[in-house]
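Notes to accompany the following structure.
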Protein chains: 2
Amino acid sequence: METATAAPAPAPYREGLPPQPPGPPDGEQHFTSSETVRDLVIGMADGLTVPFALAAGLSGAVAANPLIVTAGLAEIAAGCVAMGLGGYLAARTDAQHYQAERKREEQETLDYPDREKWEVAAILHRYGLRGEVLQRATDAIASDRKRWVDFMMRFELELSEPAPGRAAQSAATIGGAYVVGGLIPLSPYILLAETGLALAWSSALTGMALFGFGWLKARATGLPPLRGAAQTLGIGGLAAAVAYLVAKLVGG
Amino acid sequence: METATAAPAPAPYREGLPPQPPGPPDGEQHFTSSETVRDLVIGMADGLTVPFALAAGLSGAVAANPLIVTAGLAEIAAGCVAMGLGGYLAARTDAQHYQAERKREEQETLDYPDREKWEVAAILHRYGLRGEVLQRATDAIASDRKRWVDFMMRFELELSEPAPGRAAQSAATIGGAYVVGGLIPLSPYILLAETGLALAWSSALTGMALFGFGWLKARATGLPPLRGAAQTLGIGGLAAAVAYLVAKLVGG
């Protein structure tokens with residue numbers, strides 16, 4: 001996700017702002033991954049890893065593909081609902097939390113205006129404003145209650161307003177990614193009869209998927225792709241190895 | 001987590017800042033849950049829900065506790081490693097991302113100082129600064145490169161610097177919470193011989209744990225506790241019901 005930040009605001013908004021000087025020729029290249037990418041990564045990473053590791057673990061303890069498929073599908077269903085609905089609630093909670101804090105902050109500007117003005121001044125002071133400029137900048141911000149509260153929300157509490165409809169979209173993205181991710185390692189156990197062969201295919205398929213997924217994830221955040229791919233692959237392999245050992249110890 | 005925000009900064013830092021006017025008698029009550037609480041919630045929510053749902057699902061398809069325990073422990077191991085290491089890498093990635101963006105932003109203040117100054121002005125303009133005050137406030141911020149870059153990181157890119165050592169702590173918290181959460185629903189299958197009875201105990205124990213956990217989670221974010229408890233319980237129940245149905249359909 002490459003987004004050129006500081007995109008031009010609508011014209012009336014810019015009244016009194018000097019014209020924009022030229023910047024880097026191809027815009028500023030900052031990597032800020034969108035929340036959808038984040039949700040995809042959450043769902044896909046766990047969806048690829050946990051069902052793969054569970055199936056691999058059970059392969060060491062029980063050599064019966066139908067049973068492994070039953071457990072694997074039950075896990076995918078459970079993980080999809082738990083993570084999807086978990087994401088839904090987390091996003092809803094964020095939105096409610098933002099509203100509650102905003103209301104509290106607004107009340108504070110009514111009950112303790114001097115204190116809240118002072119807090120604006122304290123933030124600007126941290127960035128080098130002093131004396132008359134500090135005073136006048138604080139007054140300008142506090143002259144409009146909405147802007148004043150906006151400023152406190154963002155710069156004192158570091159909260160940004162969640163986008164509406166975020167919760168449902170987040171749930172669908174995480175849950176869907178989990179199912180898609182989980183069916184990759186499980187498909188060989190569904191299609192093949194022999195457990196050893198299914199485990200080999202599952203490892204190969206999941207390994208490629210983890211590698212490619214790690215690569216793309218690293219690129220999306222502007223980090224070295226090869227390292228990202230190796231790390232993601234390593235987590236999946238380690239999780240599977242531990243699950244295999246545990247299942248072997250308990251059930252083998 | 002109740003933290004009184006805008007805690008007094010060390011004295012030399014406040015040079016040129018007017019004295020602080022009185023605020024609410026017991027400090028400002030904002031709820032900002034710490035990152036550790038967030039990690040605990042992530043690990044515990046999935047750890048309680050997914051192993052419970054998997055075991056419940058398998059109870060519908062196979063009536064053999066040793067097999068359910070094997071699958072459950074393999075899942076807990078896989079989930080602990082996948083989520084713990086996933087949390088580790090996510091935190092490491094955040095830190096690397098912050099450093100990379102900071103370097104890029106610093107370079108921009110060297111290569112395109114006018115443009116970067118204009119971006120500071122555009123942000124302050126949004127909060128109501130105009131004319132001479134806007135000009136002088138922008139100059140004050142841009143007079144010190146570290147402060148200037150600090151300002152852009154926080155207010156243009158909305159990135160805060162991750163705490164050092166965060167990654168390892170995050171991994172341990174998420175992974176540990178997953179194991180603790182997962183052993184609650186699984187313990188009846190370990191201790192009891194009959195699957196139906198184990199399922200009943202597992203449901204009761206997990207139900208209570210989800211309810212209590214949802215209650216505490218809601219309190220930590222300042223939202224209605226009863227609703228939080230009911231929601232968390234609902235997710236666990238729904239995940240288990242879907243896993244049960246899937247396992248019954250596939251394996252029953």
Side-chain angles (χ1 to χ4, degrees), chain A residues 5-6 16-17 20-21 23 30 45-46 49-50 53-54 57-58 61 70-71 73-75 77-79 81-82 85-86 89 93 96-97 100-101 112 114-115 118-119 122 125 127-130 133 136-137 140-141 143-144 147 151 156-157 221-223 231 235 238-239 242-243 246-247 250-251, chain B residues 5-6 16-17 20-21 23 30 45-46 49-50 53-54 57-58 61 70-71 73-75 77-79 81-82 85-86 89 93 96-97 100-101 112 114-115 118-119 122 125 127-130 133 136-137 140-141 143-144 147 151 156-157 221-223 231 235 238-239 242-243 246-247 250-251:
Chain A
T5 47
L17 191 65
Q20 188 184 46
H30 288 290
D46 279 14
T49 307
V50 181
L54 173 65
L58 288 180
T70 303
L73 289 177
E75 206 285 336
V81 174
L85 279 187
L89 281 192
T93 301
Q96 287 164 357
H97 183 230
E101 291 300 322
Y112 303 94
D114 289 344
R115 169 62 171 256
W118 179 86
E119 287 180 2
H125 180 269
Y127 291 95
L129 271 63
R130 297 288 183 277
V133 177
R136 287 175 62 191
I141 291 169
S143 68
D144 177 297
R147 274 197 313 238
F151 185 89
E156 185 199 2
L157 300 180
T221 42
L223 297 174
Q231 282 173 340
I235 292 181
L238 192 59
V242 174
V246 166
V250 180
Chain B
T5 48
L17 191 65
Q20 187 185 47
H30 289 288
D46 278 15
T49 307
V50 181
L54 173 64
L58 288 179
T70 303
L73 288 178
E75 207 284 337
V81 173
L85 279 187
L89 281 192
T93 301
Q96 288 163 356
H97 184 230
E101 291 299 322
Y112 303 94
D114 290 344
R115 169 61 171 259
W118 180 86
E119 287 179 3
H125 180 269
Y127 291 96
L129 271 62
R130 296 290 184 274
V133 177
R136 286 175 61 190
I141 291 169
S143 67
D144 176 297
R147 275 197 310 240
F151 185 89
E156 183 199 4
L157 300 181
T221 43
L223 297 173
Q231 283 174 339
I235 292 183
L238 193 59
V242 174
V246 166
V250 181

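The figures here come from the full heavy-atom set of this structure, side chains too, leaving out hydrogens, waters and symmetry mates. Proteins come first, then strands; the chains are lettered A, B, ... in the order of their sequence lines, and each starts at number 1.
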Next on the checklist: Let's test your reading of the structure: which of Gly57(B), Ala137(B), Ala45(B) forms the most heavy-atom pairs below 4.5 Å with chain A?
Outcome noted: Ala137(B)
Checklist outcome for this item: Heaviest contributor of heavy-atom pairs below 4.5 Å to chain B, chosen from Gly79(A), Ala53(A), Ala74(A), is Ala74(A)
Next on the checklist: Looking at chain B, which one of Ala82(A), Ala78(A), Gly86(A) has the largest number of heavy-atom pairs inside 4.5 Å, strictly under?
Outcome noted: Ala78(A)
Checklist outcome for this item: If one checks every heavy atom of Asp46(B) against chain A at 4.5 Å, the contacting part turns out to be side chain
Item to check | Exam field: side chain Arg136(B) to backbone Val133(A), donor-acceptor pair closer than 3.5 Å | outcome: no
Next on the checklist: Show the nearest heavy-atom pair for residues Gly251(A) and Thr70(B), with the distance to one decimal.
Outcome noted: CA-OG1, 3.5 Å
Item to check | Leu58(A) versus chain B, the contacting section by heavy-atom distance below 4.5 Å | outcome: side chain
Checklist entry - Are Val81(A) and Thr49(B) close enough that some pair of their side-chain heavy atoms sits under 4.5 Å apart? => result no
Item to check | Approximate separation, where rounding is to 0.5 Å, of Gln20(B) CD and Trp118(A) CH2 | outcome: 4.0 Å
Checklist entry - So what's closer than 4.5 Å to chain A heavy atoms on Ala100(B): side chain, backbone, both or neither? => result neither
Checklist entry - Between atom OG1 of Thr93(A) and atom CD of Gln231(B), what is the distance when rounded to the nearest 0.5 Å? => result 6.5 Å
Next on the checklist: Which atoms of Leu223(A) are under 4.5 Å from chain B, going by heavy atoms: the side chain, the backbone, both sets, or neither?
Outcome noted: side chain
Checklist entry - Picking from Val242(A), Val50(A), Asp114(A), Ile235(A), which has the most non-hydrogen pairs under 4.5 angstrom with chain B? => result Ile235(A)
Checklist entry - With a 4.5 angstrom heavy-atom cut-off, which part of Ile141(A) approaches chain B: side chain, backbone, both or neither? => result both
